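All of these numbers come straight from a predicted model, not from anything done at the bench.
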Amino acid sequence: DHEAPKAKPKTPHDEALSVLDLEAPVEFHTIKARYRELVKQHHPDTHAGDKVAEETLKRINQAYTTLKAAFGGT
């Protein structure tokens, strides 16, 4: 029996970067630019109120909030 190697648990910071499809190391201005790009792509107004887009946008907002706090962004 071979067990699959266990991936180290991701930190909230790592998870947030993953949601934004970014990898560390990254600067806050890059995070902010990616956030704005994703918000435009997934905003419910551009998807006629699509619930999937709405949920995706919520995840993007949460990820951005997490990273903004971690980076001390304004």
Side-chain angles (χ1 to χ4, degrees):
D1 271 343
H2 290 328
E3 283 189 38
K6 291 184 176 146
K8 69 176 186 166
K10 287 187 172 184
T11 65
H13 184 252
D14 290 338
E15 288 286 343
L17 285 173
S18 176
V19 169
L20 299 182
D21 199 24
L22 295 170
E23 291 183 11
V26 64
E27 294 185 20
F28 187 70
H29 67 88
T30 303
I31 293 167
K32 196 172 195 173
R34 180 67 178 151
Y35 167 74
R36 287 181 175 160
E37 182 183 329
L38 289 171
V39 166
K40 284 181 188 173
Q41 282 179 18
H42 297 283
H43 199 280
D45 287 351
T46 62
H47 292 277
D50 179 18
K51 290 294 180 193
V52 174
E54 194 174 317
E55 288 305 313
T56 302
L57 185 61
K58 284 180 187 175
R59 289 181 61 229
I60 291 165
N61 284 331
Q62 183 59 50
Y64 182 69
T65 299
T66 298
L67 292 169
K68 193 165 130 181
F71 279 83
T74 54

Practice item. Could you list the residues that satisfy ring-ring contact (aromatic ring centres under 6.0 Å, His included) with His13, not counting sequence neighbours? Key: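 Listed in chain order: Phe71.
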Point to revise | CG on Leu67 to NZ on Lys32, rounded to 0.5 Å | key: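 One gets 13.0 Å once the value is rounded to the nearest 0.5 Å.
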Could I get the full list of side-chain hydrogen bond (donor to acceptor under 3.5 Å, both in side chains) partners for [X], not counting sequence neighbours?
| X | result |
| --- | --- |
| Glu27 | His29 |
| Glu55 | Lys58 |
| Glu37 | Arg34 |
| Asn61 | Tyr35 |

Review point. With sequence neighbours left out, what residues match Lys51 under salt bridge (Lys or Arg N to Asp or Glu O under 4.0 Å)?
Key: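 Residues passing salt bridge (Lys or Arg N to Asp or Glu O under 4.0 Å) with Lys51: Glu54.
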What are the two closest non-hydrogen atoms of [X] and [Y], and how far apart are they?
| X | Y | value |
| --- | --- | --- |
| Leu38 | Val19 | CD1-O, 4.3 Å |
| Tyr64 | Ile31 | CD1-CG2, 4.0 Å |
| His42 | Ile60 | CD2-CD1, 3.6 Å |

Practice item. Determine whether His43 and Leu57 make a side-chain contact, defined as any pair of heavy atoms from C-beta on separated by less than 4.5 Å. Key: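 With C-beta onward as the side chain, the pair touches.
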**Study point:** Residue pair Lys68, Thr65: steps toward the side chain to side chain contact (heavy atoms under 4.5 Å, CB included) verdict
**Key:** CA-CA 5 Å; Lys68 193 165 130 181; Thr65 299; 5.7 Å; no
Review point. Side chain of Ser18, backbone of Asp14: donor and acceptor closer than 3.5 Å?
Key: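 Checked: no pair found.
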